[in-house]
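Comments concern the structure below.
Sequence lines set the chain letters: A, B, ... in the order given, protein chains first and strands last, and positions in each chain run from 1.
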Protein chains: 2
Amino acid sequence: MFNLATIYDIAKEAKVSTTTVSRALNNHSSVNHKTRKKIIELAEKHGYQPNSKAKSLATKKSWSLGVLLIDDSDSGLNHTLFANIINSISKTASKRGYELTFLSKNLARSTVSYLEHANYRGFDGVIVANTNINDPHVNELIKNVKFIACIDQNHSNAICVNYKNRDGMEMTLNHLFSKGYRNVIYIHGQLDNYVTQERLIGFKETAKELNIERKCKYIEGEYTSPQKAYDITRRIIKEGLPDAIVYSDDYCASGGLRCLREHGINVPKDVAIMGYDGVEISSLITPSLTTIYQDTDRIGEVVTENLINSIENNRSHGYIIELPVSLILGETT
Amino acid sequence: MFNLATIYDIAKEAKVSTTTVSRALNNHSSVNHKTRKKIIELAEKHGYQPNSKAKSLATKKSWSLGVLLIDDSDSGLNHTLFANIINSISKTASKRGYELTFLSKNLARSTVSYLEHANYRGFDGVIVANTNINDPHVNELIKNVKFIACIDQNHSNAICVNYKNRDGMEMTLNHLFSKGYRNVIYIHGQLDNYVTQERLIGFKETAKELNIERKCKYIEGEYTSPQKAYDITRRIIKEGLPDAIVYSDDYCASGGLRCLREHGINVPKDVAIMGYDGVEISSLITPSLTTIYQDTDRIGEVVTENLINSIENNRSHGYIIELPVSLILGETT
DNA sequence: CTGTTAGCGCTTTCAC
DNA sequence: GTGAAAGCGCTAACAG
């Protein structure tokens with residue numbers, strides 16, 4: 001880029017001080033109408049743009065938000081649910097005038113922690129969207145950043161916007177039960193993950209209420225993927241089919257579905273299956289998935305609005321917002 | 001965040017000047033070994049982090065890249081292909097020490113053009129990933145930013161990293177021809193789009209070579225989506241099936257597939273179909289799609305590495321890199 | 001209504 | 001090997 005005009009150039013040409021230029025350009029009331037007009041004209045003539053660094057340096061406000069997505073595996077934006085959420089966060093941030101920047105562990109020529117990146121950059125706030133709970137850097141970040149919001153996490157000092165994970169599993173199991181399925185296998189995510197824990201609680205409590213605890217089985221999918229789900233499903237087929245299989249997300253369910261079909265097993269006649277998330281693919285595959293819909297537009301909007309409000313009101317304290325989920329009836333149950 | 005330690009605090013405590021602290025922390029050779037050691041220790045003790053704005057202001061280097069994704073529709077990160085590409089761009093940028101920030105038309109309390117955002121922010125470079133070609137702001141941006149790279153675009157002053165779109169359609173049509181399909185309908189994207197234009201050229205040239213020009217038909221899908229593709233497919237069914245239908249992307253193909261199935265039409269026996277992109281869904285639906293695979297990891301890496309290299313070597317001139325595509329054989333042809 | 005001055009935190013001549 | 005001083009571009013008392 002070329003050398004851009006500064007406030008000095010304009011001040012000189014308008015024969016006023018930089019203060020006046022600054023005031024005119026920032027809509028301070030106390031500027032003579034004519035002076036203001038002249039300054040604004042000159043600014044346009046020169047295509048003047050303020051310099052964000054100088055401005056932030058002076059005001060201590062960056063108009064930028066950091067967002068943390070796990071970055072050391074492929075589960076960042078490649079997971080549709082999170083891509084959709086980030087899309088919504090980005091839109092909402094933009095609507096409020098904030099930029100969105102990804103947090104990272106590499107900066108210039110060195111390796112840093114997320115907290116160091118955040119401090120270096122001076123974000124006005126940070127959103128933790130999807131992350132590896134075992135990374136101590138994530139905890140350090142959440143504990144030490146003043147304006148912080150999380151999705152599907154549990155931290156007392158952060159704004160936590162979570163889906164009602166327990167409700168989701170309650171709906172799942174009640175639905176299966178109402179359709180007559182009793183023996184259910186739940187292929188869940190990693191146990192050290194908050195979401196998994198909540199869903200398991202929801203599942204187990206409902207199983208107890210329905211009095212089918214004994215008929216339910218759990219398999220930890222660890223790192224889940226369509227292929228992994230495919231493999232687990234094959235094992236299940238060998239060991240004997242249950243009435244229904246619940247997968248940790250729609251992608252896994254689609255992998256499982258493919259396996260079942262390849263083995264000539266009819267869904268839902270021979271076995272029912274359910275996904276989770278309600279991302280686009282759930283309605284595009286055949287048979288379409290019965291799944292739990294999580295509104296990604298809504299969660300992105302809520303988490304971003306709440307964070308920005310807390311920044312602009314300068315009130316930082318943790319609280320929880322829970323967002324409802326709903327069941328989408330597909331052809332697999 | 002709390003008040004972070006500055007270079008002044010460290011200088012005072014170490015009883016040296018800020019100059020020396022700066023030098024020590026930036027690995028300048030001309031600092032006494034002992035002094036440097038003391039400074040580094042103090043920096044660690046205070047959890048010192050430089051302030052990016054002050055640093056950029058002084059050095060005119062921001063270590064940050066802007067990325068432009070269309071933001072006034074839902075086609076940003078909600079389109080899997082682009083989510084995958086952004087994921088790769090983000091990873092590569094991070095690997096090289098650069099942050100990634102989304103370009104936007106809203107900044108602080110006002111509306112700006114993309115160029116104004118870029119100038120304001122002082123990005124070291126900008127990547128145009130997916131965009132509305134009709135937006136004059138995009139052209140303005142591309143023409144006026146010094147270090148600029150684009151994906152699947154055609155601009156003489158930018159680094160353009162493109163997929164071989166013509167090849168893709170050549171493969172498509174040759175494949176269909178070799179399987180015996182002659183009457184082909186191509187539901188393509190918007191005509192004012194560079195990618196669409198290239199693919200159409202590839203398609204038509206191949207049709208001519210194969211001498212089936214007369215048997216081919218084109219339908220402009222305008223804004224394409226599974227639903228839109230579904231509707232168009234229904235129209236096609238009414239008007240009479242061709243031998244094969246080529247959709248503009250895998251999502252559309254899946255929408256079309258659903259329509260065909262619902263009308264009791266067998267794919268590929270009654271009609272063959274093909275998608276484009278080779279995103280995950282193409283292999284998850286049944287029948288799996290025959291499609292053209294575009295390597296998203298690769299394109300993100302190439303475009304980012306090239307842009308950063310041009311920045312760091314301070315050589316800005318436009319050139320084109322073309323990336324190969326390949327055919328994935330699915331069950332729909 | 002406008003200008004002077006100092007300062008945000010860091011780098012970089014230039015001199016010693 | 002180290003420091004003084006000026007500057008990056010902008011804002012914010014304070015004074016008038």
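In this structure, A:Asn27 atom CG and D:dC10 atom P are separated by 16 Å, rounded to whole Å. Summarising the geometry, the separation between CG on B:Leu25 and P on C:dG9 is reported as 16 Å, rounded to the nearest angstrom. In this entry the distance linking NZ of B:Lys53 with C1' of D:dC10 reads 13 Å, nearest Å. The separation between B:Asn119 atom CG and D:dC10 atom C1' is 17 Å, rounded to whole Å. For B:Lys12 and D:dG3, the NZ to P distance is 15 Å, given to the nearest whole Å. The distance between atom CG of A:Leu57 and atom P of C:dA6, rounded to the nearest whole Å, is 18 Å. Between the CG atom of A:Leu4 and the C1' atom of D:dC10 there is a distance of 14 Å, rounded to whole Å. What separates CG of B:Asn51 from C1' of D:dC10 is a distance of 14 Å, to the nearest Å.
Proximity of residues 32-47 of chain A to DNA chain C (heavy atom under 4.0 angstrom from any strand atom) is restricted to A:Asn32, A:Thr35.
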* CA sep, side-chain torsions, deciding dist, call: B:Lys105, B:Glu116, salt bridge (charged side-chain N to carboxylate O under 4.0 Å, His left out) -> CA-CA 9 Å; B:Lys105 287 192 173 180; B:Glu116 284 167 339; over 6 Å; no
* **Full working for ring pair (Phe, Tyr, Trp, His ring centres under 6.0 Å) between B:Tyr120 and A:Tyr48** => CA-CA 9 Å; B:Tyr120 169 73; A:Tyr48 169 79; over 10 Å; no
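Residues B:Thr304 and B:Thr92 bring no donor and acceptor atom of their side chains to less than 3.5 Å of each other. Looking only at atom types and distance, the side chain of B:Gln49 has no donor-acceptor partner in the side chain of A:His117 under 3.5 Å away. A donor-acceptor contact closer than 3.5 angstrom links the side chains of A:Tyr319 and A:Asn306.
Ring-plane geometry between A:Phe82 and A:His79 is classed as perpendicular, the angle between the planes exceeding 60 degrees on a 0 to 90 degree scale with a lower cut at 30.
Residue A:Val31 has its side chain nearest to C:dT2 when only D:dC8, C:dT2, D:dG3 are considered. Distances from the side chain of A:Thr20 to the nucleotides D:dG9, C:dG3, D:dT2 place C:dG3 closest.
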* Could you run down nucleotides 11-16 of chain C 5' to 3' and tag each one B, S or - for protein heavy-atom contact under 4.0 Å? -> SB----
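Applying the 4.0 Å criterion to OP1 and OP2 of D:dG3, one finds that B:Ser17 has a side-chain N or O inside that range. For the pair B:Lys60 and D:dG9, the criterion of a side-chain N or O lying under 4.0 Å from OP1 or OP2 is met.
More than 12 heavy-atom neighbours from other residues, nucleotides or ligands sit within 6.0 angstrom of NE2 on B:His317.
Checked options B:Phe147, B:Phe123, B:Trp63; the residue passing with B:Tyr98 is B:Trp63 (criterion: ring pair (Phe, Tyr, Trp, His ring centres under 6.0 Å)).
Here A:Arg96 pairs with A:Glu312 in a salt bridge; the nearest charged N to carboxylate O distance falls below 4.0 Å.
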